[in-house]
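This report concerns only the one structure given below.
Note that the structure is predicted; figures quoted are calculated from it, not measured. For ligands, and for the atoms within them, numbers begin at 1 and follow the listed sequence. The residues of the chain are indexed from 1 along the displayed sequence.
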Amino acid sequence: MKLKPITDDNRKECLDLKPHAYQEKFVAPNSDSLKKAEKEPSSKPYGIYSHEEMVGFALFDEEPYPDDGYFWIIRFMVDGRFQKMGYGRAALGEIIRMIRSKQSNAKIRISHVPDNSVVNKLYKEFGFVETGEIIHGETVLDLIVES
Ligand SMILES: CC(C)(COP(=O)(O)OP(=O)(O)OC[C@H]1O[C@@H](n2cnc3c(N)ncnc32)[C@H](O)[C@@H]1OP(=O)(O)O)[C@@H](O)C(=O)NCCC(=O)NCCS
């Protein structure tokens with residue numbers, strides 16, 4: 001697995017990826033995420049790759065989000081055809097590594113629809129803890145590295 005930036009060359013491949021129908025309430029379509037990426041200069045969109053094939057997508061901050069100082073992992077998905085093969089876990093580990101390489105004591109923040117128990121478990125595996133906050137109806141988790 002590796003992450004590669006979304007560019008004009010792989011944008012269409014990214015737009016074609018989608019989760020299973022029952023998961024559509026968990027994540028916005030990638031078309032929406034790419035529009036959001038253009039509006040949020042702190043974040044950058046990446047394809048999650050298996051060899052030369054894009055299997056998923058992530059949008060995350062590469063500098064602290066100006067309003068709150070957190071590095072947000074804003075969108076994260078693996079296409080339904082490629083789920084449960086380890087790409088999500090590998091990609092999340094790589095995203096955290098990339099953010100820490102920008103700022104070693106980065107405060108990383110992520111949120112999910114409350115009943116998305118699969119990602120709740122996955123995020124906690126990496127040390128994320130629920131803050132108790134609900135933002136835009138979503139459960140918020142933080143991963144804070146002590147400096
Ligand atoms: C969450 C998501 C990215 C995980 O991707 P993935 O590539 O399937 O994840 P992995 O294969 O690395 O699996 C990670 C763990 O989740 C579990 N898992 C994944 N999908 C699951 C499912 N549908 N039901 C139960 N467990 C599931 C895996 O079994 C694995 O746990 P294990 O090793 O203890 O068995 C993917 O399910 C997805 O895109 N979901 C829809 C969008 C979404 O919810 N995004 C998060 C928005 S906050």
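Closest approach of Glu138 and Ser111 over heavy atoms only: OE1-OG, 2.6 Å. Here the shortest heavy-atom pairing between Pro64 and Ser42 reads O-CB, 4.2 Å.
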task = Run the numbers on Glu63 and Gln103 for side chain to side chain donor-acceptor pair (under 3.5 Å), then give the verdict.
result = CA-CA 8 Å; Glu63 51 191 85; Gln103 188 178 306; over 6 Å; no
message = The test is ring pair (Phe, Tyr, Trp, His ring centres under 6.0 Å); show your working for Phe57 and Phe76 and say whether it passes.
response = CA-CA 6 Å; Phe57 170 77; Phe76 173 52; 9.9 Å; no
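Among all non-hydrogen protein atoms, the one lying nearest atom 42 (C) of ligand 1 is Val27 CG1, 3.6 Å. Considering only non-hydrogen protein atoms, atom 45 (N) of ligand 1 sits nearest to Phe76 O, 2.7 Å. Protein heavy atom closest to atom 38 (C) of ligand 1, with residue, atom name and distance, is Gln83 NE2, 3.5 Å. In terms of protein heavy-atom proximity, atom 39 (O) of ligand 1 is closest to Val78 N, 2.8 Å. The protein heavy atom nearest to atom 17 (C) of ligand 1 is Val118 CG1, 4.1 Å. Closest to atom 31 (O) of ligand 1 among all protein heavy atoms lies Arg89 NH2, 3.4 Å. With respect to atom 44 (O) of ligand 1, the closest heavy atom belonging to the protein is Asn116 ND2, 2.8 Å. Among protein heavy atoms, the minimum distance from atom 4 (C) of ligand 1 is reached at Gly88 CA, 4.3 Å.
Of the candidates Gly86, Ala91, Gly56, it is Gly86 that places a heavy atom closest to atom 11 (O) of ligand 1. In this comparison of Lys121, Met1, Lys84, the heavy atom closest to atom 34 (O) of ligand 1 sits on Lys121.
Electrostatic pairing of Asp16 and Lys12 counts as a salt bridge here, judged by a charged N lying under 4.0 Å from a carboxylate O. The residues Glu13 and Lys4 are annotated as not salt-bridged, no charged nitrogen and carboxylate oxygen being separated by less than 4.0 angstrom. Using a 4.0 Å cut-off between charged nitrogen and carboxylate oxygen, Lys124 and Glu130 count as a salt-bridge pair.
When each atom of ligand 1 is checked for a heavy atom of Tyr87 under 4.0 Å away, the hits are 7 (O), 12 (O). Ligand 1 places these atoms under 4.0 Å from at least one heavy atom of Met85: 11 (O). Within ligand 1, the atoms closer than 4.0 Å to a non-hydrogen atom of Met77 are 39 (O), numbered from 1 in the order shown. Short contacts between ligand 1 and Val119, defined as distances under 4.0 Å to a heavy atom of the residue, involve ligand atoms 1 (C), 46 (C). With ligand atoms numbered from 1 in the order given, ligand 1 contributes 48 (S) to contacts under 4.0 Å with heavy atoms of Ser111. In summary, the atoms of ligand 1 found under 4.0 Å from a heavy atom of Tyr22, numbered by their order in the structure, are 23 (N).
In this structure, Lys2 is not positioned above the aromatic face of Tyr49 in the sense of NZ or CZ being under 6.0 Å from the six-membered ring centre and within 45° of the axis.
Within the 4.0 angstrom cut-off, atom 19 (C) of ligand 1 has one or more protein heavy-atom neighbours. Taking a distance limit of 4.0 Å, we find that atom 15 (C) of ligand 1 is approached by some protein heavy atom. Within the 4.0 angstrom cut-off, atom 29 (O) of ligand 1 has no protein heavy-atom neighbours.
Side-chain atoms of Asp79 come within 3.5 Å of backbone N or O of Lys18 as a donor-acceptor pair.
Heavy atoms of Ala90 found under 4.0 angstrom from ligand 1: none, in either backbone or side chain.
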